[in-house]
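A note on names: the letters A, B, ... follow the listed sequences, proteins ahead of strands, and every chain is numbered from 1.
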2 protein chains.
Amino acid sequence: MSSLEQQSWQSVHDEVLRRIHTREWKPGDLIPKEVELAEQLGCARATVNRALRELASEGFLDRRRKAGTRVAAHPVRRAKLDIPVIRLEIEGRGQKYAYGLLFSERRTPPPEICANLGVTAESDMLHITSLHLADGKPFMFEDRWVSIAATPTILDADLDKISANEWLVLHAPYTRGDIYFSAVNASETEAKVLRTDPGTSLFLMERTTWENNTGITSARLLFAPGYRKHSAI
Amino acid sequence: MSSLEQQSWQSVHDEVLRRIHTREWKPGDLIPKEVELAEQLGCARATVNRALRELASEGFLDRRRKAGTRVAAHPVRRAKLDIPVIRLEIEGRGQKYAYGLLFSERRTPPPEICANLGVTAESDMLHITSLHLADGKPFMFEDRWVSIAATPTILDADLDKISANEWLVLHAPYTRGDIYFSAVNASETEAKVLRTDPGTSLFLMERTTWENNTGITSARLLFAPGYRKHSAI
DNA sequence: AGAAATATTATGTACGTACATATTATCTTT
DNA sequence: AAAGATAATATGTACGTACATAATATTTCT
């Protein structure tokens with residue numbers, strides 16, 4: 001509002017957000033163009049541009065060349081979800097992390113894994129199941145398939161010492177990934193591993209990652225009862 | 001790598017990411033400073049700055065003034081989760097949206113809501129339960145508390161026509177919010193509303209929002225069996 | 001030697017200019 | 001009037017310069 005001296009892109013960001021919040025600019029409204037705002041607020045267009053770009057990426061504004069900038073008609077909130085290595089997630093809660101490899105086998109994948117990763121049924125893959133513990137209690141059950149063609153060095157990794165989860169993050173960065181969150185009833189075996197009862201509701205995270213259209217790994221992460229994933233917005 | 005003519009911040013972004021992916025720069029490594037990179041890649045420092053800033057916000061780099069820029073030692077993936085209005089989520093799937101108000105009452109909140117929103121037990125609040133349907137089938141059961149002090153105009157809203165979910169997004173923008181994702185077993189009443197069996201595993205989203213430390217609303221969104229929340233990464 | 005003051009440095013940001021690009025608006029042609 | 005070509009325009013981005021800021025490194029003081 002006051003066009004005093006130095007303006008930072010943060011202050012422009014906050015001022016625009018204030019006008020949206022107070023409904024001075026309503027959803028769907030066309031807001032002044034960058035040059036006008038810069039003049040109003042007493043700063044350079046680059047500064048306004050940075051602020052508006054930020055607000056657009058946060059979902060508050062819709063911007064299009066020539067058409068101008070509008071307040072988002074249907075504000076879509078973009079939650080930022082941190083997906084850290086499981087060890088760090090557990091240690092971040094102040095709990096002691098432990099890990100146990102349950103099973104590891106080199107074989108060809110079942111149909112659903114082929115479909116997920118886009119590989120053939122004859123692919124050379126590593127199938128690993130493991131359990132992550134927090135303060136000695138089962139925390140997460142990991143069932144993972146890794147393409148050996150995409151990451152041959154995983155055969156040298158000592159998966160008794162370091163989890164596939166962590167090894168992959170450090171040695172096989174990916175370019176693209178998918179995550180699905182859902183809820184499932186524990187099967188007999190899942191319940192046994194996680195020391196709970198069959199039928200208990202469990203939080204499931206399914207992750208698939210690619211490096212330039214080459215499927216790397218597909219994992220099914222099943223969390224112990226009571227797990228909650230948090231996100232600020 | 002080739003320091004030819006025009007360079008865009010995107011190309012710098014991709015080149016740096018390539019060096020991280022190929023482990024030319026390993027986790028923890030200090031990378032060249034902005035001026036050096038700009039020289040190497042044949043562009044202005046501002047361009048390098050934009051690219052590195054982006055990579056830092058994506059979690060690939062850690063940057064500190066004077067200390068320089070390092071490849072993130074523990075890559076934390078930041079998934080971006082879109083939280084649209086339920087109506088749009090359903091329509092986006094190509095299904096027909098419908099909505100029914102189950103219950104609406106003006107009363108004082110129970111202790112857990114007070115704790116969530118940071119309000120007193122004598123607060124004037126609106127308690128609303130409703131059902132969102134996709135193609136005529138129950139999709140999501142919403143149990144919501146709204147602070148009347150924070151948003152008095154909600155008393156004028158016709159909550160038979162527009163859901164509280166959608167009304168609040170359009171009329172009560174918030175500055176801060178929390179989301180928790182988890183899995184729960186359906187209770188008797190929840191199962192009845194969502195037309196499933198008690199004990200079925202359900203995906204739960206708990207949202208609380210504030211406007212400058214004033215609690216606005218706290219909602220419990222319970223999704224029908226089979227629901228999966230997707231996120232690209 | 002240890003503490004405090006000072007210099008150094010890499011990132012952070014602001015500004016003005018210039019040009020690119022996507023889209024809309026306008027004008028021409030048929 | 002419909003279709004196609006052309007002009008106009010708001011955002012997108014690149015660059016160079018200048019200065020701010022935070023953190024580290026160095027020097028000075030006790």
Side-chain angles (χ1 to χ4, degrees), chain A residues 1-17 19-20 25-73 76 78, chain B residues 1-17 19-20 25-73 76 78:
Chain A
M1 10 170 52
S2 60
S3 48
L4 277 170
E5 46 245 278
Q6 28 83 278
Q7 282 287 17
S8 67
W9 71 267
Q10 290 270 7
S11 69
V12 175
H13 175 281
D14 293 349
E15 170 59 16
V16 171
L17 197 51
R19 293 189 189 179
I20 296 174
W25 294 339
K26 301 185 188 60
D29 280 6
L30 195 66
I31 76 171
K33 47 192 169 194
E34 293 185 348
V35 267
E36 287 174 15
L37 264 179
E39 210 170 318
Q40 264 186 49
L41 302 170
C43 64
R45 182 169 84 91
T47 308
V48 172
N49 181 278
R50 168 96 191 251
L52 297 189
R53 189 154 38 80
E54 205 78 21
L55 284 161
S57 89
E58 293 168 58
F60 291 105
L61 295 175
D62 285 333
R63 319 193 73 201
R64 274 167 66 214
R65 281 177 179 171
K66 164 82 182 175
T69 301
R70 293 177 180 279
V71 179
V76 172
R78 233 154 255 148
Chain B
M1 12 176 44
S2 61
S3 47
L4 277 169
E5 45 246 276
Q6 27 83 279
Q7 283 286 13
S8 68
W9 72 266
Q10 291 269 8
S11 69
V12 175
H13 176 280
D14 293 349
E15 170 59 16
V16 171
L17 197 51
R19 294 190 189 180
I20 296 175
W25 295 339
K26 301 185 189 63
D29 279 5
L30 194 66
I31 78 170
K33 48 192 168 194
E34 293 186 348
V35 268
E36 288 174 14
L37 266 178
E39 211 170 316
Q40 264 186 51
L41 302 170
C43 64
R45 183 169 83 90
T47 309
V48 172
N49 181 278
R50 169 98 191 250
L52 297 188
R53 189 154 38 80
E54 206 79 19
L55 284 161
S57 89
E58 293 168 58
F60 290 106
L61 296 176
D62 285 333
R63 318 193 74 202
R64 275 166 65 216
R65 282 178 179 168
K66 164 80 181 177
T69 301
R70 292 176 179 280
V71 179
V76 172
R78 234 155 254 145

Within this structure, what is the [atom1]-to-[atom2] distance between [X] and [N], rounded to whole angstrom?
| X | N | atom1 | atom2 | value |
| --- | --- | --- | --- | --- |
| B:Arg53 | C:dA10 | CZ | C1' | 15 Å |
| A:Gln10 | D:dT21 | CD | P | 14 Å |
| B:Glu54 | C:dG12 | CD | C1' | 15 Å |
| A:His13 | C:dA14 | NE2 | C1' | 17 Å |
| B:Leu55 | C:dG12 | CG | P | 12 Å |

Residues in side chain to side chain contact (heavy atoms under 4.5 Å, CB included) with B:Glu36, at least two apart?
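Checked B:Glu36 against side chain to side chain contact (heavy atoms under 4.5 Å, CB included); matches are B:Pro32, B:Lys33.
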B:Glu54: which residues meet the side chain to side chain contact (heavy atoms under 4.5 Å, CB included) condition with it, sequence neighbours left out?
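Side chain to side chain contact (heavy atoms under 4.5 Å, CB included) check on B:Glu54 returns B:Trp9, B:His13, B:Arg50, B:Glu58.
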Distance check: side-chain N/O of A:Thr47 vs OP1/OP2 of C:dT13, anything under 4.0 Å?
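Answer no for this pair, as no side-chain N or O of A:Thr47 is under 4.0 Å from OP1 or OP2.
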Does the side chain of A:Arg50 get closer than 4.0 angstrom to OP1 or OP2 of C:dA14 through an N or O atom?
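Negative; the distance criterion is not met.
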Could you write nucleotides 5-11 of chain D as a row of B, S and -, 5' to 3', where a protein heavy atom under 4.0 Å of any base atom gives B, of only sugar-phosphate atoms gives S, and otherwise -?
---BBBB
Secondary structure string for DNA chain D (Watson-Crick or G-U under 3.5 angstrom, | for other-strand pairs):
||||||||||||||||||||||||||||||
Derivation and outcome, side-chain contact (heavy atoms from CB on, under 4.5 Å), residues B:Ile20 and B:Leu61
CA-CA 10 Å; B:Ile20 296 175; B:Leu61 296 176; 3.9 Å; yes
CG on B:Asp14 to CG on B:Leu55, rounded to 0.5 Å
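If I round to the nearest 0.5 Å, the distance is 8.5 Å.
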Between A:Ala73 and A:Pro27, which heavy-atom pair has the shortest distance, and what is it?
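Residues A:Ala73 and A:Pro27, closest heavy atoms: O-CB, 3.9 Å.
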Minimum heavy-atom separation for B:Val12 and B:Cys43, please, with both atom names.
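Taking B:Val12 first and B:Cys43 second, the nearest heavy atoms are CG2-SG, 4.1 Å.
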Not counting sequence neighbours, which residues clear side chain to side chain donor-acceptor pair (under 3.5 Å) with A:Arg63? List them please.
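Side chain to side chain donor-acceptor pair (under 3.5 Å) list for A:Arg63, sorted by chain: A:Glu34, A:Thr69.
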